[in-house]
> 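Attaching a single structure in structure tokens format; questions to follow.
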Amino acid sequence: MADPRSDYLARLDAALVGPGRTRRSLVREAADHLDDATEALVATGYDEDSAARQAVVDFGSVPDIAASFQTTLAVAASRRTAWLLLLVLGYQPILWDSGFNLASNSADARSDTWLFHLLDNTIEAGSWIVLAGALLLLVATGIGSRWWFNGRATARFTGAFALAATTFVPLTSVTMIVTADSANAGLWVLALTLVVLPLAGVAVSARRTLAAS
């Protein structure tokens, strides 16, 4: 006869959505609890099979336990997304204002137009705002949980915020490069590899966060 604990754990794992490491940790936690409960029931006189079945019943239904675990997974996913967003945006000011200095490299005779200056100021101010938001979300999904509950609502906000950021930054960056006649293949490669692709990875993480929440 199949062990009811194995079937329960398989259904629980299938019901959970989120980071693999955290999901596996939660399923192992449930397995340990079921094993301990089974051993305790056997010690009171239950046979192994009956004890395992009773342990599963006492633990709770899969939908109820999955709902509780899902909050943990949502927070873990949102924290990962916040870290990625902070990491990718952390080097953007250096990328545009120093180092590679894409803003200056994009400039030409048309860089004195109001549109170029508007885009330049927009991406600079917007990147700092998004960077600050990512830092706050990282705090909220980490040590902030000691002071307030930051479950699925925070995860949904983190996912939405990250998706907005991953649309705003590359769109503004690409538009600014397009407005400059001096844009060359090398500049496009830098923008693609250091701006667009990293933020696309953040967008994937953000979508997974929304799915987990």
Side-chain angles (χ1 to χ4, degrees), residues 8-34 58-96 121-174 194-213:
Y8 181 92
L9 293 171
R11 289 186 291 118
L12 178 61
D13 184 58
L16 298 175
V17 178
R21 180 181 298 179
T22 304
R23 189 181 71 251
R24 289 189 294 271
S25 176
L26 290 171
V27 173
R28 282 197 301 270
E29 179 182 324
D32 290 342
H33 179 91
L34 290 174
D58 293 342
F59 190 58
S61 68
V62 168
D64 288 342
I65 299 303
S68 177
F69 282 1
Q70 193 59 53
T71 298
T72 302
L73 284 166
V75 173
S78 64
R79 184 165 175 77
R80 174 182 293 183
T81 297
W83 265 118
L84 287 174
L85 185 60
L86 186 64
L87 176 65
V88 173
L89 290 180
Y91 63 77
Q92 294 302 320
I94 299 175
L95 185 65
W96 289 91
N121 292 332
T122 297
I123 192 171
E124 182 175 359
S127 293
W128 282 112
I129 291 172
V130 174
L131 190 61
L135 182 59
L136 289 174
L137 288 172
L138 187 60
V139 172
T141 56
I143 61 174
S145 60
R146 299 178 184 177
W147 296 290
W148 66 81
F149 178 74
N150 59 358
R152 297 193 187 186
T154 300
R156 284 192 293 270
F157 181 83
T158 301
F161 182 86
L163 279 180
T166 56
T167 300
F168 162 75
V169 175
L171 182 61
T172 307
S173 303
V174 169
L194 297 177
V195 180
V196 177
L197 290 180
L199 286 172
V202 178
V204 171
S205 181
R207 289 184 178 278
R208 289 175 178 171
T209 296
L210 290 174
S213 61

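All values derive from a computational prediction rather than experimental measurement. The first residue in the sequence is number 1, and the count goes up from there. The analysis underlying the following values was restricted to heavy atoms, covering all of them including side chains, and did not include hydrogens, waters or symmetry mates.
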> Yes or no on side chain to side chain contact (heavy atoms under 4.5 Å, CB included) for L26 and E29, after CA distance, side-chain angles and deciding distance?
CA-CA 5 Å; L26 290 171; E29 179 182 324; 4.1 Å; yes

> What heavy-atom pair brings A160 and L210 nearest, and what distance separates the two atoms?
N-CD2, 3.9 Å

> Out of T22, T72, V27, I65, which residue meets the side-chain contact (heavy atoms from CB on, under 4.5 Å) rule with L16?
V27

> Could you point out which residue of Y8, F59, F69 forms a ring pair (Phe, Tyr, Trp, His ring centres under 6.0 Å) with H33?
F59

> How close do A31 and L9 get, heavy atom to heavy atom, and via which atoms?
CB-CD1, 3.5 Å

> Ignoring hydrogens and angles, tell me if any N or O in the side chain of R208 forms a donor-acceptor pair with the backbone of G18 under 3.5 Å.
no

> Quick check: closest heavy atoms across A162 and T81, and the distance to 0.1 Å?
CB-CG2, 3.6 Å

> Do you know which two heavy atoms are closest between A74 and A212, and how far apart they sit?
CB-O, 3.6 Å

> Taking all atoms of both residues into account, what is the closest heavy-atom pair of A206 and G159, and its distance?
CB-O, 3.6 Å

> Mind checking the CG-CG spacing from L89 to L199? Nearest 0.5 Å is all I need.
6.0 Å

> So which atom in A67 and which in R152 form the shortest heavy-atom distance, rounded to 0.1 Å?
O-NH2, 3.1 Å

> Could you give the distance from CG (L84) to CZ (R80), rounded to the nearest 0.5 Å?
7.5 Å

> Side chain to side chain contact (heavy atoms under 4.5 Å, CB included) for V17 and L73? Distances and angles first, verdict last.
CA-CA 7 Å; V17 178; L73 284 166; 5.9 Å; no

> Between T166 and V88, does a side chain to side chain contact (heavy atoms under 4.5 Å, CB included) hold up when you go through it step by step?
CA-CA 10 Å; T166 56; V88 173; over 6 Å; no

> Step by step, would you call F157 with L137 a side chain to side chain contact (heavy atoms under 4.5 Å, CB included)?
CA-CA 9 Å; F157 181 83; L137 288 172; 3.7 Å; yes

> Please step through side chain to side chain donor-acceptor pair (under 3.5 Å) for the pair T158 and T209, ending with a clear verdict.
CA-CA 8 Å; T158 301; T209 296; over 6 Å; no

> Output the distance between atom CZ (R207) and atom OG (S205), rounded to the nearest 0.5 Å.
12.0 Å

